[in-house]
Amino acid sequence: MRALLHNRRALIGAGILVFFGLVALLAPVIAPYSPTDINFTPMLGVSRDHLLGTTPQGQDVFSQLVYGSRNSLEVGLITAAIIAVVQLFMGVFSGYAGGWVDGVLSSVTNIWLVLPGLVLLIVIISYVPSKGITTMIVVLAVTGWAWGARVLRSQAIALRDRPFVEAARMSGESRWHIVLFNIVPNMFGVLVANFFGAALYAVLAEAGLDFLGLGNINEVSWGTMLYWAQSANAMLLGEWIYLLLPGLCILLLGTGFGLLNFAVDEVADPRLRRN
Amino acid sequence: MKYLARRIGLLLLTGWAALTFNFVLPRLMPGNPVETMLARYQGKLTPQAANALEVAFGLKTKQSELGQYFTYLGHTLTGQFGVSLTYFPEKVTTLIGQALPWTLGLVGFATVVAFVVGTAVGVLAAWHRGSALDSIMVPTGVMLGAMPVFWIGLLVLYVFAFKLGWFPVAGGGAGGQGLATISGFGAVVRHATLPAITLTAVSLGGYIILMRNTTITVLSDDFVKFARAKGLPERVIATRYAARNAILPSFTSFALALGFVVAGAIFIEYVFDYPGIAYLLYQAVISQDYPLEQGIFVVIIVGVLIAVFVSDLLYALLDPRIRVEARS
């Protein structure tokens, strides 16, 4: 923990997260208008009333950007949390349990790993009748857990035969008790790094699906902003602010998660640490 | 041999799982979406085609679920994906056949270039750890990995095709026979340049970070210290000792990277209106053309499985430990 406070990458990453967290929380205070209000003159330029102009549909771009942070943060954090729970079972428990349990679970992981996630995602989404944030989160979690599970499994296997785990086994603790109270605390860094990696994946994939129009296009998110920009031919109209800023926000938030992922990894793995 | 057998086993198992998933998914969904689709296309299809579709998706058929499953497996394995709805009466296989070469070219180019360049940069960054290069490359790598592919595509398109007019805005250039002529070939290259560069750029990041971190790990190993103690030149240690061992994890993560490239290709083909298979998949999804969608899904999965299998074989070729382990 203290090492993280001295890690510049971790600090920048955390700073970005805190920034977007505050924006999302205070959205009603920061945004001058409702993001769905379509009563403005379309395609206004930058002005005092509309800091970043208005969209071809007549919404305030700045208000949409501010509210869009809610969607991305929600999807990123909740998906990552669900993925962490799945990985705890498919990775940590599987690796610790060994034997046929591990055989079955790790085969499932290996199969899942090879299937291209986004293709799976698009195909599943195309069959789901109701499109909304809940559907999105579930589908993202279903398709995004496998890589981390494999990493966590190998960590659990490495810890399995260590003396303190052996001692817990001798004292008759149950399998899940050992996993949660002996194994997990000793691989906490990897778990946290994984969490941020999963959040990055979720933010990017969600934005992408929204951009393709496969999410709920009436929800305000950075991805749907780009979807509407694209379908209104913002490029040909020269509305570059409308094209540039949502993507920049996605990139920034993604970089925040990515930096934290990298930094925690660095702190948790002594071999990557600088001496 | 045992290694090979295990890889083939996994290949077949994964292929089977994907096919089964493809079969089960439409039947799992509430309010069978296929029924809605058929209602939408009514009148556009011949009665035989509509009937064939109903049977294929388990509507109005007396066959048991299990019977349907085996019919489906048989049809898929013999490449019978039926007809497309949006491009009726075009066959799904014909459409895929037209689109596939475009994607193979694009994805193949991006994968190879990103792997080679990313690996080289990663080794350099690790070797000069803490240098200016390293401290620039790590955040660059992280940022490249956090880049929304479609957005970068849009920006590239806006600047280089729309504003500067250096490259065409959409399409792939004339394919087929047009490729044989110099101007036809030139058109294809010009159309492919922007999508290929974008796809390469976004897949670079992962390789840089992975290679840098594994190289750093390898550099602290005893055999590298020993090589140093022997007085070998630094360059030889970097390439023949460190990089050679660090590259192995890059091969095992090929499956992940390939999934990433395929994902990138979907967005890129969409943004650049590129006539490849991913764009076709997008169109199939948007217009709920389920037969076309299923066919493309199978083709992409098979393609990825074959690529991963080949990378596994290369891995065994590069790492003697795998072969020895499997033999004992």
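Below, chain A is the first sequence line, B the second, and so on; all start at residue 1. Keep in mind that the numbers below use all heavy atoms, side chains included, and drop hydrogens, waters and symmetry copies.
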Chain A contact via [X] - side chain, backbone, both or neither, heavy atoms under 4.5 Å:
{"X": "B:L11", "value": "neither"}
{"X": "B:I296", "value": "neither"}
{"X": "B:Y282", "value": "side chain"}
{"X": "B:L154", "value": "both"}

Between [X] and chain B, which part of the residue has a heavy atom less than 4.5 Å away: side chain, backbone, both or neither?
{"X": "A:L214", "result": "side chain"}
{"X": "A:L212", "result": "both"}
{"X": "A:I124", "result": "both"}

[X] [atom1] to [Y] [atom2] distance, which is reported to the nearest 0.5 Å:
{"X": "B:D289", "Y": "A:S126", "atom1": "CG", "atom2": "OG", "value": "10.5 Å"}
{"X": "A:N110", "Y": "B:L10", "atom1": "CG", "atom2": "CG", "value": "5.5 Å"}
{"X": "A:T255", "Y": "B:M147", "atom1": "OG1", "atom2": "CE", "value": "8.0 Å"}

With a 4.5 Å cut-off on heavy-atom pairs, point out which of [options] contacts chain B the most.
{"options": "A:G117, A:P116, A:G223, A:A146", "value": "A:P116"}
{"options": "A:L118, A:V119, A:L200", "value": "A:L118"}
{"options": "A:L244, A:L226, A:L259, A:L121", "value": "A:L244"}
{"options": "A:F262, A:Y201, A:F257, A:W222", "value": "A:F262"}
{"options": "A:L251, A:V203, A:L253", "value": "A:L251"}
{"options": "A:L120, A:L252, A:I12", "value": "A:L120"}

| message | Are the side chains of A:I111 and B:L13 in contact, using a 4.5 Å heavy-atom criterion? | response |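 Yes. Closest side-chain heavy atoms under 4.5 Å.
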| request: Give me the one residue out of B:Y290, B:F297, B:F21 that meets ring-ring contact (aromatic ring centres under 6.0 Å, His included) with A:Y127. | output: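 That would be B:Y290; it is the only one of B:Y290, B:F297, B:F21 passing the ring-ring contact (aromatic ring centres under 6.0 Å, His included) with A:Y127.
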| query | Between the main-chain N or O of A:L243 and the side-chain N or O of B:W151, is there a donor-acceptor pair closer than 3.5 Å? | reply | yes
| request: Determine the minimum heavy-atom distance between B:P148 and A:G247, stating which atoms define it. | output: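 Here B:P148 and A:G247 meet closest at CG-O, 4.0 Å.
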| Is the B:F150 ring parallel, tilted or perpendicular to the A:F211 ring (thresholds 30°, 60°)? | parallel
| said: Just checking B:F160: does its CZ atom have more than 12 heavy atoms from other residues, nucleotides or ligands closer to it than 6.0 angstrom? | reply: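 Result for CZ/B:F160: open.
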